Amino acid sequence: MEQHRTRPPNDGRRRGTPHGSLPSQAGRRSGGARPGRAERPLRQVRGARQAPRGPGLPDLRLTGLGSGLFCGAATFLLGCLDWLLFDGSLTVYGVLFLPVCVLTALWVREGDVLSAPVVVPIAFVVGLLPVADGDGGLTGRMVGLATGLATQAGWLYGGTLVAGVIVLVRRVRWVRRRRRRG
């Protein structure tokens, strides 16, 4: 069965514009500026503004994936540091886990802000790997990891709760700001 075209072919021209109305791009230099014209300064996009910086904190905006990678890498490094300096103290690891939760919730960008409470528990498990007790190979390591999760659930819930509260406050402020702008 033959099918007929329902759309006209796209040859680069728009309806209602004559063929010669677009300027030629052949006269442009490699830098993109047209000869004989001064370069215009870049204008700021309406509604765009700089996020306020806290004292001493960098102005990072991580994507959802970036926040997960940051949180996982930071907790793993803190777990290794805890294993080296404090012989794998789970309480020290839990205390060090809380600032990572706060930074992850603060540094994720506004569009991906709801991913922070999701990546925090996953990162807790990643950081628990070097700290968890385990003898006897893989099975012993998994039992040690399950024991660490069971005994340190308070730090896990606390960090997730802190990240969730920060995320909810940021999200409410973002929605209100968008509604005010129209």
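Fair warning: this is a prediction, and the values are worked out from it, not measured in the lab.
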State whether the side chain of [X] and the backbone N or O of [Y] hold a donor-acceptor pair below 3.5 Å, judged by distance alone.
{"X": "Arg181", "Y": "Arg176", "result": "no"}
{"X": "Arg141", "Y": "Ala132", "result": "yes"}
{"X": "Arg170", "Y": "Ala105", "result": "yes"}
{"X": "Thr104", "Y": "Ser67", "result": "no"}

Measure across [X] and [Y] and return the closest heavy-atom pair with its distance rounded to 0.1 Å.
{"X": "Val113", "Y": "Arg171", "result": "CG1-CD, 3.9 Å"}
{"X": "Cys80", "Y": "Pro130", "result": "N-CG, 3.7 Å"}
{"X": "Leu149", "Y": "Leu128", "result": "N-CD2, 3.7 Å"}
{"X": "Thr160", "Y": "Pro117", "result": "CG2-O, 3.9 Å"}
{"X": "Val167", "Y": "Ala116", "result": "CG2-CB, 3.7 Å"}
{"X": "Val120", "Y": "Ala163", "result": "CG2-CB, 4.0 Å"}

Should [X] and [Y] be counted in the same cluster of Ile, Leu, Val, Met, Phe, Trp and Tyr side chains packed under 4.5 Å apart?
{"X": "Leu156", "Y": "Val165", "result": "no"}
{"X": "Leu78", "Y": "Phe86", "result": "yes"}
{"X": "Val118", "Y": "Val108", "result": "no"}
{"X": "Leu81", "Y": "Leu90", "result": "no"}
{"X": "Phe76", "Y": "Val131", "result": "no"}

Minimum side-chain heavy-atom gap Thr63-Arg109 below 4.5 Å: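 A side-chain contact exists here, since the closest heavy-atom pair is under 4.5 Å.
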
Take Ser89 and Tyr93 through the test side chain to side chain contact (heavy atoms under 4.5 Å, CB included) and record every step on the way to the result. CA-CA 6 Å; Ser89 170; Tyr93 173 70; over 6 Å; no

List in chain and number order the residues that pass ring-ring contact (aromatic ring centres under 6.0 Å, His included) with Phe97, two or more places apart in sequence or in another chain; answer none if no residue qualifies.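 Testing Phe97 for ring-ring contact (aromatic ring centres under 6.0 Å, His included), a comparison that skips the adjacent residues, returns Phe124.
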
Counterpart residues, ring-ring contact (aromatic ring centres under 6.0 Å, His included), relative to Phe70 (two or more places apart):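 Testing Phe70 for ring-ring contact (aromatic ring centres under 6.0 Å, His included), a comparison that skips the adjacent residues, returns Trp107.
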
Quick one: do Glu110 and Arg177 make a salt bridge, cutoff under 4.0 Å?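 Arg177 and Glu110: salt-bridged.
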
Asp133 vs Thr147, test: side chain to side chain contact (heavy atoms under 4.5 Å, CB included). Steps then yes/no. CA-CA 8 Å; Asp133 293 330; Thr147 303; over 6 Å; no

Can Trp155 and Thr91 be said to form a side chain to side chain contact (heavy atoms under 4.5 Å, CB included), step by step? CA-CA 8 Å; Trp155 294 111; Thr91 305; 4.2 Å; yes

Enter the distance from Cys101:SG to Leu96:CG here, rounded to the nearest 0.5 Å.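 Result: 11.0 Å between the selected atoms.
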
